[in-house]
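Note on naming: letters A, B, ... go to the chains in the order of the sequence lines (proteins, then strands), and numbering restarts at 1 for each one.
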Number of protein chains: 2
Amino acid sequence: MTERAADVPAETRERILDAAEALFGERGFDSVSLRDITGQAEANVAAVNYHFGSKEKLVDAVVERHAGPINEERMRRLADAEERFEEGPVPVSEILDAFLRPVVDEIMKDPVTERVFCKFMGRIMSEQGYQLPESVKPLFQQMAAAFAQALRMARPDLSDQTVMWRMHYSFGVMSHTLMHSEKLEQISAGRSGNPGLEKLFDHIIEFCAAGFLAPEQGEEGQW
Amino acid sequence: MTERAADVPAETRERILDAAEALFGERGFDSVSLRDITGQAEANVAAVNYHFGSKEKLVDAVVERHAGPINEERMRRLADAEERFEEGPVPVSEILDAFLRPVVDEIMKDPVTERVFCKFMGRIMSEQGYQLPESVKPLFQQMAAAFAQALRMARPDLSDQTVMWRMHYSFGVMSHTLMHSEKLEQISAGRSGNPGLEKLFDHIIEFCAAGFLAPEQGEEGQW
DNA sequence: GTCTATAAAGGGATAGAC
DNA sequence: GTCTATCCCTTTATAGAC
């Protein structure tokens, strides 16, 4: 937004966004005060209201910074997969990959903020009562509808309801893992340290894709 | 704890616990004030400190009210399953059932608080930074270890790490679904309303058990 | 654009009457 | 065991100097 030299400490606005992202991911939106944020960002309390207008708008700004690019990339990858598999439906694992890979890529852009952003993403996906900013809602809903449609075509033998639930379960696995990636690293640290996000997400996709393979129990329309 | 007639409005202490459980589940621990709680419970602010000593201890009390019974029942059911399958390992779906069923039962005890407690449980399983009360920690760890052990025996072909991760994914599905059960009911309401918790959890177990069936990719010890 | 100072509201906790 | 009244702290937000 504003112009500045390359190797100078980030602008106040950016530092605030970074600090907010880290703290929100760690402790949630409500529990973090503006003082916590400006303290960590080495900025003044008043700077938040100067740059963003209010705490709520700061939350929106942090979300918007990533949500747009990620959802656009998801749509791109899904469309790309649909082209590659034009003869038949896209495999479930490819659909889940199109959903998750953009998150991994966004995290990888800056290794320093890797774990920070992991948790923040997980929190966005799971926080109760939190309302997505109006600016990203339409794209988000569009994206969710496209993925649901692709999954229905991938598993035409399943009822629509079952597909929706399993899509939801997959989101649950992803957000839960993002939020607790720290603890999990400790678990696996006994052997060879952090397995790396890429492998972790491959592992998640294997699990969820296998979950989609389960046959439907009972008659259709049981829901 | 205290004696009272059967058909009289619940004691203040109980009303506070009920209100706290509902509000904590809805909005998290930090975002809910004691005034929110006592307002909903039709009690006085000072009553919280009289009955519980502090807000933190109130949180502990809400957790303790359910955590003990649920974890004990989990252990009982796992032990029971191990007896039934004494010739061989307990199937994954039986293990997951032993883990999840006590939650369903606890929820079912009082249909009124069904959705309330769903979300509260989901929040306990997912809230970052929240520390389990010391009084329930040992039982919790013991329980987690027993289930991990059972799952390893159920899938001896998988590496220990893979089993741990997949157990974690299953927890993710469960907590995410508990916390968002409301939204999901809306989705399925088009056809026949609330599918009922029992069916929902059967569905979750199918999904997770199928996830455990996925073959392990790459060599062992890749983590 | 960044600071200090302060306003205005709400938080947890407690003393003391009943 | 329950209430009122109050203390003291932190919160968000803003006004105004620099």
Check: To the nearest Å, how far apart are A:Asn44 CG and D:dG16 P?
Finding: 17 Å
Notebook entry, point to check: How is A:Ala46 classified with respect to the nucleic acid when contacts are heavy atoms under 4.0 Å: base, sugar-phosphate, or nothing?
Noted result: base
Next item on the list: Round to a whole Å and report the spacing from CG of B:Leu58 to C1' of C:dG12.
Entry: 12 Å
Note to self: If we ignore hydrogens and angles and just use 3.5 Å, is the side chain of B:Lys55 paired with the main-chain N or O of B:Phe29 as donor and acceptor?
What the structure shows: yes
Note to self: Without decimals, in angstroms, what is the distance between B:Phe52 CZ and D:dG1 C1'?
What the structure shows: 13 Å
Note to self: Can you see if the side chain of A:Ser33 gets near the phosphate of D:dT10 - specifically, an N or O under 4.0 Å from OP1 or OP2?
What the structure shows: no
Next item on the list: Name the orientation class of the two ring planes belonging to B:Phe171 and B:Phe99 (parallel below 30°, tilted from 30 to 60°, perpendicular beyond 60°).
Entry: parallel
Check: B:Thr12 side chain N/O closer than 4.0 Å to the phosphate oxygens (OP1, OP2) of D:dT2?
Finding: yes
Notebook entry, point to check: Can you tell me how far P of D:dT2 sits from CD of B:Glu14, to the nearest Å?
Noted result: 12 Å
Notebook entry, point to check: Which whole-number value in Å describes the distance from A:Asn49 CG to C:dT4 P?
Noted result: 16 Å
Next item on the list: Send over the distance from B:Glu11 CD to D:dG1 C1', rounded to a whole Å.
Entry: 9 Å
Note to self: Can you identify which nucleotide, out of D:dA13, C:dA13, D:dT4, has its nearest atom closest to the A:Lys55 side chain?
What the structure shows: D:dA13
Note to self: Between the base of C:dG12 and the side chain of B:Arg35, is one N or O donor paired with an acceptor at under 3.5 angstrom?
What the structure shows: yes
Note to self: Over 60° means perpendicular and under 30° means parallel, so tell me whether B:His176 and B:His180 are parallel, tilted or perpendicular.
What the structure shows: tilted
Next item on the list: Would you kindly give the CG-to-C1' distance between B:Asp36 and C:dG10, to the nearest whole Å?
Entry: 10 Å
Item checked: Aromatic ring pairing A:Trp165/A:His168, orientation class (parallel under 30°, perpendicular over 60°, tilted between) -> perpendicular
Check: B:Tyr50 OH to C:dA15 P: how many Å, rounded?
Finding: 15 Å
